[in-house]
Visitor: 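Take a look at this one; I'll ask things after.
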Amino acid sequence: MGEFTINKEKVLQALSTVEEPDLKKDLVTLGMIQDIEIGVNQVRFTVVLTTPACPLKELIRRSCETAIHEHLSPDVEVIIKLTANVTTARQTGPLIPGVKNVIAISSGKGGVGKSTVTANLAMALHRSGAKVGIIDADIFGPSIPVMFGVEHMQPTITPKDGKNFINPIRQFGIKMMSIGFLTPPDSAVVWRGPMASQALKQFFADTDWGDLDYLLIDLPPGTSDIHLTLVQTVPVTGAVVVTTPQKVALADAVKGLSMFRQPQINVPILGIIENMAWFTPEELPDSQYFIFGKGGGQSLADKFDVPLIGQIPLVQSIREAGDEGRPAVMDTNPIVNDAFRDAAESLAQQVAIRNASKNKTQTVEIQV
Ligand SMILES: Nc1ncnc2c1ncn2[C@@H]1O[C@H](COP(=O)(O)OP(=O)(O)O)[C@@H](O)[C@H]1O
Ligand SMILES: [Mg+2]
């Protein structure tokens, strides 16, 4: 290229032609380009994504490379490091100061797979490089401890700044607290609403969560005092509604969705996850049997004008893994892994879109 020299300004100019597809602004305006270094016939820079689970990361990487080649030089070597800085819309408050996003996982009906979806979304987000926690707030059936194989564990207490803090249980890289840890397994403790609400408040006020990108709340089915307690205790980034394609489940999901839109709750709906969307036998991985009906999740999403962020098939190993104390995505069934990874990425994407206009905080390294 003769006298032509590449400098940082020219790199920024070239990258300002690349739009972040979700946020509809260019990467330079969004402050996503950092650490530009110019070498001999080489350009290096870092792209700071809004989540390590960004489904568009390869697209963004390629667009950056193309922009440098088109605007600066077709021969220059482009080395891009992708990192992420999960965004938050929260003002730091006295409760859970290090938690960037609180995500309510709800369902209209019990048994639709809310806890299974919560456990596997948490694992999939963790695998992308995010810091993840779970609060199991389902007083009617706290199943997160069993699904993570920690039902006999007891959280410990540590004094900190003159106050006693509960340490969440840590399993497979996920921090978790459950109403189930407060009662002996197999005991028939009947929780009254106020007791459960008090326990949930403790999970926020007295638990040492540290820094988390996503804290998922496994709520009781339907609508309850717990839902109200949640939104009154901490700012909630948004809610996910889990349903099966079955008519009765969809009808109950409608109630759940409407509840989040009531003025006194007013939690944005990040999307719908259709669980048990179809049955796929392990030995016939390309077959889909729509045993609970077809297209229900999509039509519900259309009706409420929210995205369908995932469709999870009914697979025997999902149930088996859960019963054996590990989220199914830890096994190597590609059908299961792809479904939960896609759902986790779509969720993270919706969180990023929701937080788009707000300030950013720390950086996490992506595991590639
Ligand atoms: N996609 C799925 N494939 C197979 N079994 C599933 C699936 N989702 C949930 N299950 C099973 O269905 C039962 C109910 O799921 P669970 O997550 O406990 O529902 P909820 O929390 O909504 O009450 C569990 O035994 C679980 O293992
Ligand atoms: Mg459950």
Side-chain angles (χ1 to χ4, degrees), residues 103-124 134-151 176-181 183 185 191 196 200 216-224 226-227 230 239-246 248-253 255-257 272-285 287-294 296-297 308-331 333-344:
I103 300 167
I105 315 282
S106 69
S107 72
K109 221 169 86 61
V112 297
K114 180 169 42 63
S115 302
T116 305
V117 167
T118 304
N120 283 287
L121 283 180
M123 266 329 280
I134 300 177
I135 286 181
D136 176 3
D138 189 349
I139 46 169
F140 305 112
S143 44
I144 292 296
V146 171
M147 288 181 181
F148 281 87
V150 291
E151 66 269 37
M176 59 196 79
M177 272 304 292
S178 171
I179 276 193
F181 295 138
T183 58
W191 283 89
L200 182 63
L216 309 186
I217 319 292
D218 186 0
L219 285 167
T223 57
S224 72
I226 290 281
H227 293 73
L230 172 65
V240 173
V241 175
V242 181
T243 184
T244 65
Q246 221 175 341
V248 280
L250 291 166
D252 287 349
K255 290 180 208 156
L257 285 157
I272 290 168
I273 295 184
E274 186 185 54
N275 188 31
M276 312 191 194
W278 53 79
F279 170 61
T280 296
E282 228 101 1
E283 61 281 10
L284 292 171
S287 300
Q288 298 182 334
Y289 299 91
F290 295 89
I291 52 182
F292 292 128
K294 189 177 177 181
L308 179 66
I309 57 173
Q311 287 183 295
I312 313 295
L314 179 70
V315 179
Q316 188 170 333
S317 62
I318 294 181
R319 201 269 308 149
E320 285 168 352
D323 284 353
E324 286 162 18
R326 62 178 192 280
V329 292
M330 297 181 71
D331 302 338
N333 183 338
I335 291 175
V336 175
N337 288 1
D338 291 356
F340 282 117
R341 195 204 46 235
D342 288 353

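Remember, it's 1-based here, ligands and their atoms both numbered in the order they're listed.
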Visitor: Using modelled atom types and a 3.5 Å cut-off, is there a donor and acceptor pairing between side-chain atoms of His227 and backbone atoms of Ala104?
Guide: no
Visitor: Considering only the protein, which heavy-atom contact is closest to atom 11 (C) of ligand 1, and what is its distance?
Guide: Arg319 CG, 3.8 Å
Visitor: Shortest non-hydrogen contact from Met276 to Val112?
Guide: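 Looks like CE-O, 3.8 Å.
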Visitor: Pairs of nitrogen or oxygen atoms closer than 3.5 Å, one from Gly110 and one from ligand 1: do any exist?
Guide: no
Visitor: Closer than 3.5 angstrom, by distance alone: can the side chain of Asn120 be matched with the main-chain N or O of Val329 as a donor-acceptor pair?
Guide: yes
Visitor: If the plane angle is over 60° it's perpendicular, under 30° parallel, otherwise tilted; pick one for Phe290 and Trp278.
Guide: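 Correct class here is perpendicular.
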Visitor: Looking at Ala196 and Ile139, what are the two nearest heavy atoms and their distance?
Guide: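 Taking every non-hydrogen atom into account, CB-CG2, 3.0 Å.
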Visitor: Please check if the side chain of Ser106 supplies one atom and the backbone of Val240 the other of a donor-acceptor pair under 3.5 Å.
Guide: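 Checking the backbone N and O of Val240 against the side chain of Ser106, a donor-acceptor pair under 3.5 Å is found.
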Visitor: To check your reading of the model: name the closest protein heavy atom to atom 17 (O) of ligand 1, its residue, and the distance in Å.
Guide: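 Among all protein heavy atoms, the one nearest atom 17 (O) of ligand 1 is Thr116 OG1, 2.5 Å.
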Visitor: Looking only at distance, does Lys109 have an N or O less than 3.5 Å from an N or O of ligand 1?
Guide: no
Visitor: Flag atom 4 (C) of ligand 1 as yes if some protein heavy-atom distance to it falls below 4.0 Å, otherwise no.
Guide: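 Protein heavy atom within 4.0 Å of atom 4 (C) of ligand 1: present.
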Visitor: Tell me whether Asn333 contacts the main-chain N or O of Ile335 through its side chain, where contact means a donor paired with an acceptor under 3.5 Å.
Guide: yes
Visitor: Taking N, O or S atoms only and a limit of 2.8 Å, check whether Ser115 reaches the Mg ion (ligand 2).
Guide: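 Checking Ser115: at least one N, O or S atom is under 2.8 Å.
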Visitor: Tell me the nearest of Ser143, Ala321, Gly111, Gly108 to atom 23 (O) of ligand 1, using heavy-atom distances.
Guide: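 Heavy atom nearest to atom 23 (O) of ligand 1 belongs to Gly111.
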Visitor: Val315 heavy atoms, cut-off 4.0 Å: which ligand 1 atoms fall inside?
Guide: 3 (N), 4 (C)
Visitor: I need the atoms of ligand 1 closer than 4.0 Å to a non-hydrogen atom of Met147, numbered in the order shown.
Guide: 17 (O), 18 (O)
Visitor: Examine distances only and state if a side-chain atom of Ser107 and a backbone atom of Val242 form a donor-acceptor pair shorter than 3.5 Å.
Guide: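 Checked: no pair found.
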Visitor: Would you give the length of the straight line joining atom CG of Asp331 to atom OG of Ser317, rounded to the nearest 0.5 angstrom?
Guide: 6.5 Å
Visitor: Answer yes or no: is there a donor N or O on one side and an acceptor on the other, between the side chain of Asn275 and the main chain of Gln311, under 3.5 Å?
Guide: no
Visitor: What I want to know is whether Lys114 and ligand 1 share at least one N or O pair that is separated by under 3.5 angstrom.
Guide: yes
Visitor: Could you tell me whether Ser107 and ligand 1 have an N or O pair separated by under 3.5 Å?
Guide: no
Visitor: So which of Pro313, Gly113, Pro221 gets nearest to atom 1 (N) of ligand 1, if we judge by its closest heavy atom?
Guide: Pro313
Visitor: At what distance is the nearest protein heavy atom to atom 12 (O) of ligand 1, and which residue and atom is it?
Guide: Met276 CE, 3.8 Å
Visitor: Could you tell me whether Asn275 approaches ligand 1 through its side chain, its backbone, both or neither, with non-hydrogen atoms closer than 4.0 Å?
Guide: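 The answer is the side chain.
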Visitor: Using heavy atoms and a 4.0 Å limit, tell me yes or no: is Gly322 in contact with ligand 1?
Guide: no
Visitor: Of the backbone atoms (N, CA, C, O) and the side-chain heavy atoms from C-beta on, which set of Leu314 has a member under 4.0 Å from an atom of ligand 1: side chain, backbone, both, or neither?
Guide: both
